[in-house]
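Structure first, then comments.
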Amino acid sequence: MPELPEVEITCRGLAKVLIRKKITNVTTRRSGLRIPFPADLSKNMHGTRVRSVTRRGKYICINLSNGYVLVIHLGMSGRIIIADRHYEPKLHDHFIISFSRYQKIILNDPRRFGLVTILKSDELEYREFFRNIGLEPLSDKFTPDLLRSKLKNKKIAIKLALLDQKVVSGIGNIYACEALFRAGISPKRESSAISYKLLSKLVNSIKLVLTEAIEAGGSTIRDFVHPDGKLGYFAMKWQVYGREGEPCLCNHQKNIVIKKIVQSGRSTFFCPICQR
DNA sequence: CACTCTCCCTGAAAGC
DNA sequence: TGCTTTCAGGGAGAGT
């Protein structure tokens, strides 16, 4: 389940092979994913070149030389495979772009929670599309003061606030759990009731955990595959995520184990002793 | 407005 | 062993 680091790694991988390449063919193999593929998708892509590949939250933005931006969200199970002209489409390959020099990229997404659309980069469309997307957690603008202002009056649990893409963009279930563990904050804490000092700690933890994951090459669970097609099995070790019943890594001598709870239908893993 | 719940979907894993 | 059930979750939209 790609979160910010996985999307970032995917973008870097795409940039490496696609920049300046010309789009020679666009194929859709079904009518759409979470939303239909735009009718003019192929028309607006064909013959243009890739200017850059950027990321906004969990969205991949492939910026084209004709002023359009191809926007891809990987959803739960999406992956982008980089291949050559010999690649044969496989099950759940929904969207294929062919480039000059026989390069191809394939969007494979078994669960189809992903999204593909195309926007004009210089117009309201683009701004409108990302209107509700919060601040980038790795930007210098993401500070304790900013987070405090976002959480002011919020009664929801801090874990749920971190998952809210309007509060901060790019954090999913795994990194929300991991960041809270590192900051020593209970996922159940009311968002607005957390001290400035702890919010500072949380901001640092978020930046740290995301940065480490990017450096680890995009951490992986189950179905994330690097853009070059290799599995990312050098993934970071989660300290709490998926470790229900296992000992807390902070406290070996006592019999403290990681607990799992459900918050708004999402699993949360945490240490009831280390996180207050 | 603030918040929770449901739905979409498939494959892996657990349960029987 | 093999079939059935459960679970995983991002984000939109309905419901409270």
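Each chain gets a letter, A, B and so on, in the order its sequence line appears, and its residues count up from 1.
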- [ ] On DNA chain B, check which nucleotide each of A:N153 and A:R34 is closest to and give me the residue with the more 5' one.
- [x] A:N153

Open item on the list: Less than 3.5 Å apart, any donor N or O on the side chain of A:S121 or A:N63 sitting next to an acceptor on the other?
Closed with: no

TODO: Whole angstrom is fine here: how far is it from CG in A:L74 over to C1' in C:dG9?
DONE: 14 Å

TODO: Just jot down the ring-ring contact (aromatic ring centres under 6.0 Å, His included) partners of A:F181, sequence neighbours excluded, or say none.
DONE: none

Open item on the list: Can you see whether A:N25 engages A:K104 through a side-chain donor-acceptor pair at a distance of less than 3.5 angstrom?
Closed with: no

- [ ] To the nearest Å, give me how far apart CG (A:L160) and P (C:dG10) are.
- [x] 12 Å

TODO: Would you indicate which nucleotide in B:dC5, B:dG11, C:dG11 comes nearest to any side-chain atom of A:L91?
DONE: B:dG11

- [ ] Ignoring backbone atoms, establish whether A:Y241 has a side-chain N or O less than 4.0 Å from OP1 or OP2 of C:dG9.
- [x] yes

TODO: Would you mind reading off the distance between A:K152 atom NZ and B:dC1 atom P, rounded to a whole angstrom?
DONE: 15 Å

- [ ] Classify the side-chain pair A:K21/A:S100 by whether it contains a donor and acceptor separated by less than 3.5 Å.
- [x] no

TODO: Look at the side-chain N and O atoms of A:Q165 and state whether any lies under 4.0 Å from the OP1 or OP2 oxygen of C:dG10.
DONE: no

- [ ] Give a yes/no answer on whether the side chain of A:S267 brings an N or O atom under 4.0 Å of OP1 or OP2 in C:dG9.
- [x] yes

Open item on the list: Whether the A:Q275 and A:S186 side chains hold a donor-acceptor pair (N or O, under 3.5 Å, no angle test) is what I'd like checked.
Closed with: no

Task: Residue-phosphate contact under 4.0 Å: A:K166 side-chain N/O, C:dG11 OP1/OP2 - done: no

- [ ] Find the distance A:D109:CG to B:dC8:C1' and express it as a whole number of Å.
- [x] 12 Å

TODO: Check the distance between B:dC7's C1' and A:R112's CZ and give it to me in whole angstrom.
DONE: 14 Å

Task: d(CE, A:M76; P, B:dG11) in whole Å - done: 13 Å

TODO: Tell me which nucleotide among C:dG11, B:dC3, B:dT10 gets nearest to the side chain of A:P110.
DONE: B:dT10

Task: Whole-Å distance separating the NE2 atom of A:H92 from the C1' atom of B:dC8 - done: 15 Å

Open item on the list: Can you work out whether A:A157 or A:R30 has the more 5'-proximal nearest nucleotide on DNA chain B?
Closed with: A:A157

Task: Closest to the A:H73 side chain, choosing from B:dT4, C:dG11, C:dA8 - done: C:dG11

TODO: Grab the CD1-P distance between A:I133 and C:dG11 for me, whole Å please.
DONE: 7 Å

Task: Base C:dA8 to side chain A:R266, donor-acceptor N/O within 3.5 Å cut-off - done: no

Open item on the list: So is the aromatic ring of A:F113 stacked onto the base of C:dG10, judging by whether the centres are under 5.5 Å apart and the planes are under 30° apart?
Closed with: yes

